[in-house]
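Take a look at the structure below.
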Number of protein chains: 2
Amino acid sequence: MSNKNIGIKDVAIAAGVSVTTVSHVLNEVSYARISPETRDKVRTISEQLGYGPNRLAQALRTQRTGMLGLVSEDIATTPHAGRIILGADEAARARGYNLMIINTSGSASIESRQADVETLLDRRVDGILYATMYHRNVELPANLGSVPSVLVDSVATGGNITAVIPDEEGGARAAVGALLEAGHTRVGFINNTDDVPATRQRLQAFRATLTEAGLDGDAAPVESEVSEVQGGYEAARRILARENPPTGLFCYNDRIAMGAYRAAAELGLTIPADLSVVGFDDQELIAANLHPGLTTVALPHYEMGAWAIEHLIDAVEGKTDLTLMALHPTILSCPLVRRDSITAPRQ
Amino acid sequence: MSNKNIGIKDVAIAAGVSVTTVSHVLNEVSYARISPETRDKVRTISEQLGYGPNRLAQALRTQRTGMLGLVSEDIATTPHAGRIILGADEAARARGYNLMIINTSGSASIESRQADVETLLDRRVDGILYATMYHRNVELPANLGSVPSVLVDSVATGGNITAVIPDEEGGARAAVGALLEAGHTRVGFINNTDDVPATRQRLQAFRATLTEAGLDGDAAPVESEVSEVQGGYEAARRILARENPPTGLFCYNDRIAMGAYRAAAELGLTIPADLSVVGFDDQELIAANLHPGLTTVALPHYEMGAWAIEHLIDAVEGKTDLTLMALHPTILSCPLVRRDSITAPRQ
DNA sequence: GGACGTGGGAGACAGATGAGCAACAAGAAC
DNA sequence: GTTCTTGTTGCTCATCTGTCTCCCACGTCC
C-alpha cells in the first residue's frame with residue numbers, strides 16, 4: 001500500500017542517507033558505488049514507507065514522461081476502437097508506458113484536431129498514436145510531427161508518416177478463395193459505394209482471384225450499395241434476381257452480409273446450402289450471432305494498435321528511425337474466420 | 001503553431017520582464033499589479049513565440065495535474081465502453097481535464113487491479129473513474145480511496161464510494177409498458193441466468209408492471225437462458241410453445257431478442273404482427289439492424305460517463321463532498337428507443 | 001520625512017536526476 | 001614516518017519548468 005505523501009526526501013531521512021543515494025539505489029544507477037548494506041537499508045525503508053517516485057517530477061527532470069497520446073477518431077461509434085485501444089494499452093504497459101486518450105471526430109476541422117494534438121504536446125507525451133476508425137486517406141495536423149507518431153488504419157495524404165493498415169487485398173483474396181475452394185463457380189460481390197481504398201482494393205482482389213482461378217473475373221456480378229444492412233439487402237435482391245444468380249456471395253462487410261441473409265431468407269434460399277456467404281470485418285456482434293454463423297475476414301485492429309505502439313516506443317527510445325518506415329505503410333494481414341456460412345454449391 | 005522548446009524564461013527575456021511577471025500575466029493572478037502595457041507586451045510575445053506552459057512543471061508546483069484516471073474493465077469486449085469513454089472525455093475536456101486510460105479485466109485479481117490504480121496514483125491523477133462494463137457488485141482496490149473516485153455502472157461491495165448506475169427498474173417498466181400500451185395482455189419475459197442486479201430488478205419490474213395494469217404478473221410466462229443469441233432462441237422456442245403463448249415479449253437484452261426473432265421466423269410468426277418484441281441495451285449494431293428494427297431500452301452509458309466525470313471534478317475542486325453522495329448510488333434513467341417491433345396484437 | 005501606492009523582481013519551492021567532488025582509509029613510495 | 005596515490009562511498013549542487021510569497025525601488029501626499 002503506497003502513501004503518496006511520502007517523497008524521496010522522507011526515505012532519505014529515514015534511511016540516514018542523502019536523496020541522491022536513494023535515487024541511485026532505487027534506479028540501480030550503474031556508476032553509483034554504494035555498499036550493499038546501504039543499498040539494503042534504502043530498499044527496506046523505501047518499501048516500508050511505501051515510497052513510489054513522483055512520475056511528474058521524474059518526467060520533468062528526465063524529459064521523458066512515459067506517456068503516449070492516443071487520439072482516436074469516433075471512439076464510440078465503431079466497435080473497432082476498443083480493439084485498437086486494447087492492443088495499444090497492452091503493448092504500452094508491457095514496456096512501462098501509459099496512454100492518454102483524446103477522442104476526436106473524423107469530421108472535425110483540422111484546427112480542432114490540431115488543438116487536440118496540442119493538448120497532448122503540452123503534457124509532453126513521448127509519442128502519439130493517431131487512430132482512425134476505417135482505412136482511408138486522412139489529412140493530419142501538422143504539429144503531429146513534433147514527436148514520434150504512428151498512424152493506425154489510414155495513410156496520410158502527405159504520406160510522410162509511419163502508418164499501419166490492414167491487408168485489404170489479402171483479406172479479400174482469402175474470402176473469395178474460401179468460396180472457390182468450396183467449389184463455387186458463380187461468385188458475386190456486393191461492394192460499398194464509399195470512395196475509400198478498401199472499396200477499390202476488395203473489388204480488384206475479387207476479380208483477380210476469380211481470373212486466376214480460371215473464371216471470368218471481369219464478368220462476375222457486382223452490385224454496389226451503401227454499406228449498411230439495408231443496402232446489403234437491396235443489393236442482394238438485385239444480384240440474386242439476375243439470371244444464373246451466384247451461389248457464392250462475397251460481401252463488402254458484415255452488415256451487408258446481414259442484409260444478404262435477409263434477402264436470401266425472403267427468397268426461400270437457405271444459407272449455406274443454396275447460397276454461401278462471406279463477409280468482412282468480423283464484427284462479432286453480427287458475425288457470430290447470425291444464423292448460421294458468418295464466415296468473414298477479421299480486421300487486425302488489436303494487432304495494428306500493438307504494432308503501432310511497439311514501433312512508437314522504439315522510436316521514442318531511439319531504437320528505430322520512423323522516417324525510414326514512413327516510406328511505405330506497413331500492412332498487417334486479415335485472417336479468415338471460418339464459421340458456417342460456406343459450403344459446396346448444390347448439385 | 002506552438003514550439004515546445006519555448007519556456008517561460010524565453011518569453012520573459014523576449015519581453016524584457018521577469019518570469020514572475022510572465023506567469024502573473026498569463027495566469028491573470030488577481031493580486032498582481034502590472035501595467036496594461038506590460039500585460040499586452042507579455043501576451044503578444046508569448047503568442048508570437050507560441051508559448052504554452054509545461055503542464056508537468058505546472059502540475060508539480062501546484063499539485064494539480066488536471067488528469068483523471070479512467071480504469072475500464074474489458075474495453076474491447078463490449079461496445080458500451082466506447083460510450084462511457086466518450087461521455088467521460090467530453091465532460092472532462094469541457095472543464096480542462098484529460099483522461100489517462102488503463103484497461104483491466106473484470107476477472108483480474110484484486111492485486112492486479114490495485115496495481116493499475118497504483119500506476120494512476122504514481123502519475124498523480126486528480127481523481128479516478130472506475131468503469132465496469134455491466135451493472136454488478138464489484139470489489140474495489142483499496143487504494144482507490146487515496147483520491148476522489150467515482151464508480152460507473154456498478155456498486156461497490158463495501159458500498160462507500162459514489163456510484164452511478166442505470167435505472168434498471170424504470171427501463172424495464174418502460175419496456176413492458178410499451179407492450180401494454182399497444183394492447184397486449186399476454187406478455188412474456190425472457191430473462192438472463194446470471195446473478196446480477198439487472199436480472200432480479202428487470203424481472204421484478206416486469207411482474208409489478210403487469211400487476212399494476214390489472215394482469216396477473218406472478219403468472220406471466222418467464223423463461224431464463226444465457227443472455228446470448230442462442231439462449232434467446234431456445235428460450236423463445238419454449239415460451240412460444242406454451243399454450244396460449246404470449247403476443248408480447250420482453251427480452252432481457254438485444255441479443256436475446258435477436259434469438260427470439262429467429263425463433264419467431266421459424267415458427268412462421270411475423271414481427272410485430274404476430275409477436276411484438278422489446279429488448280434492452282440498445283446495441284445499435286443489433287437493434288437498428290434487425291428487421292424490423294428492434295424497440296429497446298437504451299442504457300445511459302454516455303450519460304453515466306459524463307455524470308461521473310462532472311462530479312469527480314467537482315470533488316477534485318472542492319465543490320462537492322463525494323462521501324455524502326456515496327450513501328446511495330445515483331440512478332440514471334434508461335429511455336425507451338422506439339423502432340418497429342411493437343404493434344397491437346392481432347384481432 | 002514617514003506612510004502609502006504602484007510596478008515588478010528575487011528566491012524558495014515542487015520532487016526528482018546526474019555530474020562532479022569531498023572525505024576517508026589503505027597501501028605505495030621515499 | 002610522512003606524503004602521495006588510489007579506491008570506496010556518498011554528498012553537494014545545479015537542473016528541469018513553472019508558481020507563489022515576500023520584498024524592493026521609486027514616487028507622491030500630507
Side-chain angles (χ1 to χ4, degrees), chain A residues 2-43 45-46 49-67 96 121-126, chain B residues 2-43 45-46 49-67 96 121-126:
Chain A
S2 131
N3 181 340
K4 288 321 164 198
N5 306 322
I6 299 289
I8 196 173
K9 200 180 301 179
D10 303 295
V11 178
I13 292 171
V17 298
S18 74
V19 294
T20 304
T21 303
V22 176
S23 174
H24 285 171
V25 170
L26 297 183
N27 291 324
E28 294 178 339
V29 172
S30 60
Y31 53 77
R33 293 159 323 213
I34 297 165
S35 68
E37 296 78 46
T38 307
R39 286 178 189 277
D40 272 0
K41 185 162 55 175
V42 169
R43 276 195 262 261
I45 302 269
S46 150
L49 264 39
Y51 169 72
N54 182 326
R55 299 282 249 128
L56 290 176
Q58 211 170 37
L60 181 62
R61 183 67 238 261
T62 60
Q63 306 288 352
R64 274 290 165 75
T65 53
M67 297 263 294
L121 258 20
D122 282 344
R123 295 211 182 260
R124 298 300 191 277
V125 293
D126 292 336
Chain B
S2 126
N3 180 339
K4 289 318 164 200
N5 305 322
I6 299 289
I8 197 173
K9 201 180 302 180
D10 303 294
V11 177
I13 292 170
V17 298
S18 73
V19 294
T20 305
T21 303
V22 176
S23 175
H24 284 170
V25 171
L26 297 183
N27 292 324
E28 295 177 340
V29 172
S30 60
Y31 53 79
R33 295 166 320 223
I34 297 164
S35 67
E37 298 77 46
T38 308
R39 285 177 190 277
D40 272 0
K41 186 162 54 176
V42 168
R43 275 195 263 260
I45 302 268
S46 150
L49 264 39
Y51 169 72
N54 182 325
R55 300 281 247 128
L56 290 176
Q58 211 170 39
L60 181 61
R61 184 66 238 258
T62 62
Q63 305 288 354
R64 272 292 164 74
T65 54
M67 296 262 297
L121 258 20
D122 282 344
R123 295 213 181 257
R124 298 302 191 275
V125 293
D126 292 336

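All chains are named by letter (A, B, ...) in the order of the sequence lines, taking the proteins before the strands, and each is independently numbered beginning at 1.
Between C/dG9 and B/Thr21, a contact under 4.0 Å exists linking OP1 or OP2 to a side-chain N or O. Considering only side-chain N and O atoms, B/Thr20 lies nowhere under 4.0 angstrom from the phosphate OP1 or OP2 of C/dG8. Checking the phosphate oxygens (OP1, OP2) of C/dG8, a side-chain nitrogen or oxygen of B/Thr38 falls inside 4.0 Å.
Following rounding to the nearest Å, B/Glu37 (CD) and C/dT6 (P) show an atom-to-atom distance of 15 Å. Distance, A/Lys41 NZ to D/dG10 C1': 12 Å, rounded to whole Å. Spacing between atom CG of A/Asn54 and atom P of D/dG18 amounts to 17 Å, rounded to whole angstrom units.
Distance check, rounded to the nearest 0.5 Å: CG of B/Asp126 to CZ of B/Arg64 gives 5.5 Å.
Residue pairs meeting the side-chain hydrogen bond (donor to acceptor under 3.5 Å, both in side chains) criterion with at least one member in residues 21-30 of chain B, sequence neighbours excluded: B/Ser18-B/Thr21, B/Ser23-B/Asn27.
Shown for residues 55-64 of chain B: residues whose heavy atoms fall under 4.0 angstrom of DNA chain C, namely B/Leu60, B/Arg61, B/Gln63. Near DNA chain C, defined here as any heavy-atom distance below 4.0 Å, the residues from residues 24-35 of chain B are B/Arg33, B/Ile34, B/Ser35, listed numerically.
With sequence neighbours left out, the side chain to side chain donor-acceptor pair (under 3.5 Å) criterion links B/Arg123 to A/Asn98. For A/Leu56, the side-chain contact (heavy atoms from CB on, under 4.5 Å) partners are A/Asn54, B/Leu56, B/Ala59, B/Thr65, B/Arg124, not counting sequence neighbours. The side-chain contact (heavy atoms from CB on, under 4.5 Å) test applied to A/Asp10 returns A/Ile6, not counting sequence neighbours. Taking A/Ser35 as the reference, A/Glu37, A/Thr38 meet the side-chain contact (heavy atoms from CB on, under 4.5 Å) condition, with sequence neighbours excluded.
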